[in-house]
Structure formats: structure tokens, C-alpha cells
S.K.: 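Quick one: the structure is below, and I'll ask about it shortly.
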Amino acid sequence: MMRRITAAVVATVAAGAVLTGCGANADRGSGGDRAQRPGPVQGADEGPKNGSEWNGQGADGNRSPDRAPDASGLSTFALDVDTASYGYAKRRLDQGSLPSPSDVRHEEFVNSFRQDYPAPRGDGFSVTVDGARVGDEEGWSLMRVGLATRPADEGNRPPAVLTFVVDVSGSMGDPGRLDLVQKALRAAIGELRDDDSLAVVTFSDSARVALPATRLGAEGAREHARSVVDRLAPEDSTNLEAGLRTGYDVALESARRGATNRVVLLSDALANTGETDPDALLERIDRARSRYGVALFGVGVGNEYGDELMERLVDKGDGHTSYVSTPAEARALFVDRLPVNIGLRARDAKAQVSFDPRTVERYRLIGFENRAVADEDFRDDRVDGGEVGPGHTVTALYAVRLKAGARGHVATATVRWLDPHDRSPHEAAGAVEADRLSGRLWDSGTSPRLRVDAVAAYFADALRTYDTGDGQLPGAPGLAELGDRAHALAATTEDPAVRDLAEAVDSAYALRAG
């Protein structure tokens, strides 16, 4: 729903408690860190672990179980294009410390890298399923489900109405926080179109509207917006509730029919004043999202960053998160990606993978723990899924153990979504046969992008479980070997992002070795 909301309606909604405001290379000798490798996946012949089929606890006490397919053999989850977990982990490693295991999410590491999936012809998804055998773990393969949307045509996108909710609390005064946000906002002001609108809400111990919704094509509008951004300064405590409430007030009042209406939260997400209970904030965001269709996009900053809170808020707000720590990252996000990708290709998108019990002995979804959907709710369009914009990709990795001598069909992956304009349901599917999983993961004939995804997933697994050795992925190399593979892939792909990944693995290895 993109109709203009009157001030009276906004006031009524607010009274009803709706959120109307919601390193250098280390020596990586062969097997040098073998003693610290995550343990292998539990196979069907290893017996129960901790009294159940799979009860190994991840950093958050919740992990995807190792399953044998029953008659249905289904695995269902909501799509997620978040990448903040990887960006924040890189920042911590750059500063000489390991990230907290609870802040590491496999899918966000994998989703941080460019993929090789074909674009669909229409506005839906392409579905690609492939994989490869891993290590010496007999029968185990890494299966990749890749989903992609068509890139945006900047000239044809609808106008955007963006409400930036900016944290100006005292903690934002540290380098790399508010100063980085200001650079990002200045860049966005310069790149958005004349028919786009921009508002700025700031919050500390309270919230205020620093810039009412302003069409950037109006005379002097860009200059005025820049002057507002230039005057932002850190103040006192962090009343995130007030910022979101006021931000949604502004967003609902200025929403335009046919436009892309968004709230963009820029913060270290360290709430300490006002309503700080995540569940209360989540309920309010969910109501605003479901009634008025104003999605929330979260941008995290700062060495100390409330990653878990930001992710939960944005998941309820039908948006996604990113994390920036350098001016180059901020410019890439707000100049290269935000103006083009603020629209939507799909609402409430879910994926369901059906495994064939005739060929599959066991399987496990890697990551997506907090995006699980009941199998029977896959086609229930009242159940919330994920929102995916133009040019986005979503990658889900599965550890799959095939039966001895398995041939033929292994799995079918189906994605279901609602059209962002008329909410009509659509589906697309892709399948994989056993021979597509028969190549060896690290061989040169295997897709380089699949190998990059594997490095990212193994790296996340190592960071999540460095204190337990209880990893989710079979065939896990040590960090030394993983660094070697990452550097080789950086040379093969000539991709700066893969080079950064290799350097992050080096940093983690050096910290572990030290």
C-alpha cells in the first residue's frame, strides 16, 4: 500500500501503539592449524550426539539439524539478502580481534560475494542448483541453491521516498561512526534523482525531524539537505525507540502512491534509553510494515555494534542489513547500490528444497537458523517471507550425503514470492541430479564462485565454533589451508572482494595462532 497517509491517520495509528516511528599473511604451512579444525559433520553411522539425532549447539544455541529425508524430505526458509554479519566480522578482524560467535551467520558471509547465476527473463527469480563433493568425507557434497533477480533499470525505477533515521548518540562520536554516516548521506544526496524525496530524523535521548520530506528537484533542496547533514553532531544517550517512532511518523505521512517508500536506519544499534526490549520494538515494526508497506533498511556502523538487534529489527521490517566501516564501503552502498536497488522484485519470498529419499541419506541447511519456515507454510502467503530487490542474489548451501551408488534426481528447489505491486503469487524451480554433485569441490573444473561460497561458509563455520570445534560443514579445512584456497581464488577471479576475504582469513589464522 503506497497511498499518502494524512497527519490525522498517523496520529490515530500512533495512539494505537503501531510503530509510526519503528593482516599480513601468516605462515600457512600445510596442516599448520590442523589441531584447531572444526569437527566433521555427524553422519548417520555415528550415532546420536548429546542424546539426540543432532544436538550440537551453535553460538546462539540453535543450529540446523542433520536430517534423513522422510516421505516429504522438505527444507523451508525465508529468503535473506543481509550481509552485515560479514562486514562486521571483517571490521573486528582488521582491528585485531575475533568477532563474537553469536554475531557470525553463514548465509550473510556467503551472500556478501558476487555470484554467477543467470538473470531471469522477467521480474521473478532464476533458480540454479549445483554442487561438488567435499574432502575425504565419504558421500558428502556441498549443494548450492542459487536464486537471482533481474538487475534494475535505473531509468525506469519508480521514485523513492527515503526517511533516514540517524543515530546521533554519544557513542556515534567515535571515528568511523557519525562521520562515516555523514559521508554516506552526502553521497546519497548527490546521486538520488530529482523526483526522489529525502527526510532526515535524528535521535539521541529524544528524536527530532532535522529535515522534513523534501523533493530533491526543488530549488536549493540538495544544498539544504547537505547543510542539514553537515550540522549533525553527537549528543547523549541512544533512544532507538524514539528514533524509529518518529522516523515512521515521517515515512507514513510522506509516503507516495507508486513510489518506493523506505525507512533507512543508520546506527551502531546500541540502544540504552526508552524502550530497549527487542520484542516490543519488533512488534511495532511488524505492524507498521504489514499495514503500510514501508520497509526498513538497516546500515550498521562502529566497532561495537548491536548486530543481533539490527538484524531482528530489519527482518521484521521486510528489509535487509549492510555494515560499512570505510568511506569506500559507504560510497559503494549509497552511490552504487542504494539508488538502483531500493525497489523490490519480490515480497514474502520463501524457498523450499525437496530431497529425494531414494538418493539422499542425510542433509543439513547451513545457516538461515532464524529464517526457518514451517514446511506446511511454504504456500501460505499470510506467512512472512523475505523481501528481495533488483539484482540481488540469495545463496543457500546444504551439506548432503548421498547413498552409495546414488544416481538420478537428488533435489528440487522451489522459490515462491508475491508480486510487490499486486501481491499475486508466483513460483520458479530448479533441480539437480547426482552427477552434478560428483566433481571435487576444490578442483579447477568446479565453478570458481561455488568455491568462493565454500570458503566463505567454512570461514563463518570456523569463526562460529573456534571455541567448541563443533562445525556444521563436512570436509572442513583448517584456516591455513582455507587461506591458501582463498588467495588462489582471488588470483583466479581477480575480484577485490575475494582478496579481502583471503586477508580476513589470514587475520583470523594469525589471531588463533597467537
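What's counted below: heavy atoms across the whole structure, side chains too, no hydrogens, waters or symmetry copies.
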S.K.: I'd like to know if Arg449 pairs up with Asp495 as an ion pair, taking the criterion as any Lys NZ or Arg NE/NH1/NH2 lying under 4.0 Å from an Asp or Glu carboxylate oxygen.
M.R.: yes

S.K.: Any chance CZ of Arg331 has more than 12 other-residue heavy atoms, nucleotides or ligands included, within less than 6.0 Å?
M.R.: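 12 or below, so no.
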
S.K.: Measure the spacing between CZ of Arg379 and CZ of Arg416 and express it to the nearest 0.5 Å.
M.R.: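 Here the rounded value is 6.0 Å.
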
S.K.: Considering only heavy atoms from C-beta outward, does the side chain of Arg451 approach that of Arg485 to under 4.5 Å?
M.R.: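 They are not in contact (no side-chain heavy atoms under 4.5 Å apart), so the answer is no.
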
S.K.: Could you check whether the rings of Trp417 and Phe125 sit parallel, tilted or perpendicular, using 30° and 60° as the cut-offs?
M.R.: perpendicular

S.K.: With side-chain contact (heavy atoms from CB on, under 4.5 Å) as the test, pick out the partner of Tyr117 among Thr149, Leu147, Thr395, Val127.
M.R.: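 Output: one option passes, namely Thr395.
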
S.K.: Which is it for Phe203 and Thr238 under the side-chain contact (heavy atoms from CB on, under 4.5 Å) test, yes or no, and what are the steps along the way?
M.R.: CA-CA 7 Å; Phe203 68 94; Thr238 311; 3.8 Å; yes

S.K.: Between Arg347 and Asp381, is there a side-chain N and carboxylate O pair less than 4.0 Å apart?
M.R.: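 Looking at Asp381 together with Arg347, the answer is no, because their closest N to O distance does not fall below 4.0 Å.
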
S.K.: Examine Phe113 together with Tyr86 and report whether their ring centres are nearer than 6.0 Å.
M.R.: yes

S.K.: Do you see a donor-acceptor pair shorter than 3.5 Å between the side chains of Asp130 and Ser447?
M.R.: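 The criterion, which ignores hydrogens and geometry beyond distance, is not satisfied for Ser447 and Asp130.
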
S.K.: Rounded to the nearest 0.5 Å, how far does CD of Glu108 lie from CG of Asp82?
M.R.: 4.5 Å

S.K.: Considering all heavy atoms of both residues, which atom of Thr128 and which atom of Pro118 are nearest to each other, and what is their separation?
M.R.: OG1-CD, 3.5 Å

S.K.: Do Val250 and Val200 come close enough that some side-chain heavy atom pair is under 4.5 Å?
M.R.: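 Heavy-atom side-chain distance check fails, nothing below 4.5 Å.
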
S.K.: Are any non-hydrogen side-chain atoms of Val394 and Val81 less than 4.5 angstrom apart?
M.R.: yes

S.K.: Can you name the closest pair of heavy atoms from Val452 and Leu489 and give their distance?
M.R.: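 That closest heavy-atom pairing would be N-CD1, 3.8 Å.
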
S.K.: Side chains of Leu98 and Leu463: closer than 4.5 Å at any heavy-atom pair?
M.R.: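 A side-chain contact under 4.5 Å exists here.
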
S.K.: Atom OH in Tyr509, atom CZ in Phe459: separation rounded to 0.5 Å?
M.R.: 14.0 Å

S.K.: Quick check for you: to the nearest 0.5 Å, what is the distance between Thr246 atom OG1 and Glu241 atom CD?
M.R.: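 Taking OG1 in Thr246 and CD in Glu241, the distance rounds to 9.5 Å.
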
S.K.: Evaluate Leu162 against Leu192 for side-chain contact (heavy atoms from CB on, under 4.5 Å), listing each step before the verdict.
M.R.: CA-CA 10 Å; Leu162 304 178; Leu192 291 169; 4.0 Å; yes

S.K.: Run Val104 and Phe109 through side-chain contact (heavy atoms from CB on, under 4.5 Å) and show every step you take.
M.R.: CA-CA 8 Å; Val104 176; Phe109 274 53; 3.7 Å; yes

S.K.: What's the separation between atom CG in Asp123 and atom NE2 in His426, rounded to the nearest 0.5 Å?
M.R.: 9.0 Å

S.K.: Salt-bridge test for Glu107 and Arg371: reply yes if a basic N is under 4.0 Å from a carboxylate O, no otherwise.
M.R.: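 Salt bridge: no.
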
S.K.: Between Arg262 (side chain) and Ala160 (backbone), is there a donor-acceptor pair under 3.5 Å?
M.R.: no

S.K.: Determine the minimum heavy-atom distance between Val229 and Gln182, stating which atoms define it.
M.R.: O-NE2, 2.8 Å

S.K.: Looking only at side chains, do His106 and Asp461 share a donor and an acceptor under 3.5 Å apart?
M.R.: yes

S.K.: Would you say Asp348 and Glu387 make side-chain contact, with heavy atoms under 4.5 Å?
M.R.: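 A side-chain contact exists here, since the closest heavy-atom pair is under 4.5 Å.
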
S.K.: Applying side-chain contact (heavy atoms from CB on, under 4.5 Å), name anything that partners Ser197, two or more places apart in sequence or on another chain.
M.R.: Val161, Arg215, Arg256

S.K.: Not counting sequence neighbours, which residues clear ring pair (Phe, Tyr, Trp, His ring centres under 6.0 Å) with Tyr88? List them please.
M.R.: Tyr305, Tyr323

S.K.: Does Asp236 offer a backbone N or O that forms a donor-acceptor pair with the side chain of Ser204 under 3.5 Å?
M.R.: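 The answer is yes, because a donor-acceptor pair under 3.5 Å joins these two groups.
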
S.K.: Using side-chain heavy atoms (C-beta onward) and a distance below 4.5 Å, is Leu211 in contact with Phe164?
M.R.: no

S.K.: Specify the closest pair of heavy atoms between Arg105 and Ser85, including all atoms of both residues, with the distance to one decimal.
M.R.: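 In terms of heavy atoms, the two residues are closest at N-OG, 3.0 Å.
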
S.K.: side-chain contact (heavy atoms from CB on, under 4.5 Å) between Arg177 and Val181: does it pass, once the steps are laid out?
M.R.: CA-CA 6 Å; Arg177 299 193 187 194; Val181 168; over 6 Å; no

S.K.: With a 4.5 Å heavy-atom cut-off, do Val301 and Leu266 have their side chains touching?
M.R.: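 SC-SC contact between Val301 and Leu266 ruled out.
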
S.K.: Could you tell me whether Arg91 and Glu329 have a side-chain N and a carboxylate O separated by less than 4.0 Å?
M.R.: no

S.K.: Would the distance check show the side chain of Lys350 and the main-chain N or O of Val383 forming a donor-acceptor pair, the cut-off being under 3.5 Å?
M.R.: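 Looks like yes, one N/O pair under 3.5 Å.
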
S.K.: Under 4.0 Å between a side-chain nitrogen and a carboxylate oxygen: does that hold for Asp377 and Arg382?
M.R.: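 Looking at Asp377 and Arg382, the cut-off is not met.
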
S.K.: Could you report the tightest heavy-atom contact between Asn111 and Asp80, atom names first, then the distance?
M.R.: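 The answer is ND2-O, 2.8 Å.
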
S.K.: Can you find a heavy atom in the side chain of Val168 that is under 4.5 Å from one in the side chain of Pro234?
M.R.: no

S.K.: To the nearest 0.5 Å, what is the distance between CG (Asp230) and CG (Leu185)?
M.R.: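 Reported to 0.5 Å precision, the distance equals 10.0 Å.
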
S.K.: Which heavy-atom pair separates Tyr466 from Pro99 by the least distance, and what is that distance?
M.R.: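 Looking at all heavy atoms of both residues, the shortest contact is OH-O, 3.6 Å.
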
